[in-house]
Amino acid sequence: LLDLHPPYPPGIFQIDGNFGGAAAVAEMLLQSHGGVIRLLPAKPAAWTQGRVGGLRARGGFVVDLEWTADGLARTRVLSRFGRVCRLRAPGARVPVVLCGGRKVPTEPSAGRDWRFDTRPEEVYDIEWRAQ
């Protein structure tokens, strides 16, 4: 994923192309437009299992994801500002949200979205279960 600009050789290293490639991969795994954090919205089918950490979402959230061949398995969300978190997972998945070992109430919101309240600098561990 390195980007060089002609003339070749020697080529000129272009940082914007390299950052663009990394940003495209991140966007395949997480999108946060319109107040909803979409998890794995464009994951390639060949990526049957994996994990990624530290993805930044709008609203002050930092997200880690883990998936298997069965689908989204776990998510960890760090809430920087204590806003409402709205998540959308692929498929028919229901979240079980824990914070500090305690279950956090969730509610469905607009179709496949799930929402829950957060507090600043708290970490939320989410396990996704099939409906």
Side-chain angles (χ1 to χ4, degrees):
L1 291 175
L2 288 179
D3 184 31
L4 295 176
H5 188 275
Y8 301 110
I12 300 169
F13 178 78
Q14 281 195 282
I15 199 67
D16 59 337
N18 296 300
F19 286 162
V25 170
E27 196 76 9
M28 291 167 42
L29 300 175
L30 183 141
Q31 295 176 2
S32 61
H33 309 285
V36 178
I37 300 172
R38 296 180 61 213
L39 308 172
L40 304 179
K43 177 190 70 65
W47 295 2
T48 56
Q49 61 183 355
R51 68 177 175 234
V52 63
L55 296 176
R56 303 289 177 132
R58 287 174 177 83
F61 299 102
V62 181
V63 181
D64 301 344
L65 300 170
E66 185 176 338
W67 66 92
T68 66
D70 294 332
L72 187 60
R74 280 176 284 290
T75 305
R76 175 170 275 186
V77 175
L78 167 62
S79 176
R80 293 285 185 201
F81 307 126
R83 296 180 175 150
V84 171
C85 183
R86 284 184 50 201
L87 299 175
R88 181 180 303 159
R93 297 278 180 178
V94 176
V96 176
V97 181
L98 299 174
C99 180
R102 293 185 173 193
K103 191 170 182 181
V104 175
T106 61
E107 59 185 46
S109 169
R112 296 188 341 239
D113 298 353
W114 292 89
R115 59 174 272 141
F116 58 94
D117 293 326
T118 69
R119 289 181 286 173
E121 300 302 323
E122 293 284 344
V123 174
Y124 298 83
D125 291 304
I126 305 159
E127 184 177 318
W128 294 92
R129 298 187 180 157
Q131 276 186 328

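We count residues from 1, following the sequence as given.
Atom CG of D70 and atom CD of Q49 lie 10.5 Å apart (nearest 0.5 Å). Within the model, atoms CD of E121 and CZ of F81 stand 8.0 Å from one another, a figure rounded to the nearest 0.5 Å. Taken from CZ in R93 to CG in L39, the straight-line distance is 12.0 Å, to the nearest 0.5 Å. Rounded to the nearest 0.5 angstrom, L65 CG and W128 CH2 are separated by 9.5 Å.
No side-chain heavy atom of R74 sits less than 4.5 Å from a side-chain heavy atom of D125. Contact of the D117 side chain with the R115 side chain is registered, since non-hydrogen atoms from C-beta on lie closer than 4.5 Å.
Between the side chain of T118 and the backbone N or O of R83, at least one donor-acceptor pair lies under 3.5 Å. A donor-acceptor distance shorter than 3.5 angstrom exists from the side chain of D64 to the backbone of G54, with no hydrogens or angles considered.
Considering every non-hydrogen atom in both E66 and L72, the closest pair reads O-CD1, 3.6 Å. In terms of heavy atoms, A73 sits closest to T68 at CB-CG2, 4.3 Å. The two residues G101 and L98 make their nearest non-hydrogen contact at O-CD2, 4.3 Å. Closest approach of E122 and C99 over heavy atoms only: OE1-SG, 3.3 Å.
Residues in residues 91-126 take part in these ring-ring contact (aromatic ring centres under 6.0 Å, His included) pairs, two or more places apart or across chains: F116-Y124.
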Could you go through the side-chain contact (heavy atoms from CB on, under 4.5 Å) check for R76 and V123 one step at a time?
-> CA-CA 7 Å; R76 175 170 275 186; V123 174; 3.5 Å; yes

Could you walk me through whether L40 and R38 pass the side-chain contact (heavy atoms from CB on, under 4.5 Å) test, one step at a time?
-> CA-CA 7 Å; L40 304 179; R38 296 180 61 213; over 6 Å; no

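Cluster membership for L55 and V25, using ILVMFWY side-chain heavy atoms within less than 4.5 angstrom, is shared. Hydrophobic clustering, with ILVMFWY side chains joined whenever heavy atoms are under 4.5 angstrom apart, keeps V84 apart from L78.
Applying the side-chain contact (heavy atoms from CB on, under 4.5 Å) criterion to E127, with sequence neighbours excluded, gives R129. Remark: D113 engages V36, R86, R88, S109, A110 in a side-chain contact (heavy atoms from CB on, under 4.5 Å) (not counting sequence neighbours). Residues meeting the salt bridge (Lys or Arg N to Asp or Glu O under 4.0 Å) test with E27, sequence neighbours left out: none. When the side-chain contact (heavy atoms from CB on, under 4.5 Å) test is applied to P105, no partner is found at least two apart in sequence or on another chain. Residues passing the side-chain contact (heavy atoms from CB on, under 4.5 Å) test with A57, sequence neighbours excluded: L30, S32, I37, F61, V63.
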